[in-house]
Amino acid sequence: MGQVLAAGVGHSYGEMAEPVLRAVATAADPVELLVVAFAIPDVIPGRATATYLSSICPGNPLAFAICDQGRAAPFSALSFV
């Protein structure tokens with residue numbers, strides 16, 4: 001049987017995406033739209049990850065989160081772009 005992890009154990013999507021955003025998004029080239037697409041719930045379920053990432057991203061972009069779409073999440077996200 002697999003081990004069930006408690007909420008808050010592991011790394012959240014926000015924690016994993018923050019270094020990537022800091023590396024690729026600059027003040028000289030601000031982001032206009034931020035879409036976070038995931039198929040598995042985050043380890044911090046109460047956090048609005050897209051809003052959090054928007055607040056640390058240059059340009060303070062409009063942010064959306066696509067969830068509960070399973071493997072179709074990336075394709076659903078692309079329909080917004």
Side-chain angles (χ1 to χ4, degrees):
M1 298 262 175
Q3 181 182 7
V4 177
L5 296 176
V9 176
H11 299 285
S12 71
Y13 294 137
E15 290 172 345
M16 293 186 286
E18 186 174 347
V20 175
L21 279 178
R22 293 192 190 281
V24 299
T26 64
D29 190 21
V31 175
E32 295 179 14
L33 177 65
L34 180 81
V35 180
V36 180
F38 52 93
I40 301 170
D42 200 356
V43 295
I44 303 176
R47 177 191 240 176
T49 303
T51 306
Y52 167 71
L53 292 173
S54 175
S55 72
I56 64 164
C57 194
N60 199 18
L62 180 62
F64 291 96
I66 306 293
C67 60
D68 295 331
Q69 296 284 313
R71 294 181 186 179
F75 302 103
S76 297
L78 287 173
S79 70
F80 282 104
V81 178

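- L62 and V36 fall into different hydrophobic clusters, defined by Ile, Leu, Val, Met, Phe, Trp and Tyr side-chain heavy atoms under 4.5 Å apart, directly or through other members.
- To the nearest 0.5 Å, atom CG of residue L21 and atom OG1 of residue T26 are 12.0 Å apart.
- Contact of the P61 side chain with the L33 side chain is not registered, since no non-hydrogen atoms from C-beta on lie closer than 4.5 Å.
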Next on the checklist: Checking I66 against F75 for the side chain to side chain contact (heavy atoms under 4.5 Å, CB included) test, could you report, in this order, the C-alpha distance in whole Å, the side-chain angles of both residues, the deciding distance, and whether it holds?
Outcome noted: CA-CA 10 Å; I66 306 293; F75 302 103; over 6 Å; no

Checklist entry - Is there a side chain to side chain contact (heavy atoms under 4.5 Å, CB included) between Y13 and R47 once you walk through the steps? => result CA-CA 10 Å; Y13 294 137; R47 177 191 240 176; over 6 Å; no

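- Taking each heavy atom of A73 and F38 in turn, the nearest pair found is CB-O, 3.8 Å.
- Donor-acceptor pairing under 3.5 Å is lacking for the side chains of N60 and S55.
- Residue A50 comes nearest to A63 through the heavy atom pair O-CB, 3.4 Å, listed as atom of the first residue, atom of the second, then distance.
- Taken to the nearest 0.5 Å, the CE atom of M16 stands 9.5 Å off from the OG1 atom of T49.
- With rounding to the nearest 0.5 angstrom, the CD atom of E18 is 7.5 Å from the CG atom of L53.
- Residue I40 is not grouped with residue V35 when hydrophobic side chains (ILVMFWY) are merged at heavy-atom distances under 4.5 angstrom, including chains of intermediate members.
- For the residue pair C57 and A25, the shortest heavy atom distance occurs at SG-CB, 4.2 Å.
- For the residue pair D42 and G14, the shortest heavy atom distance occurs at OD2-N, 4.5 Å.
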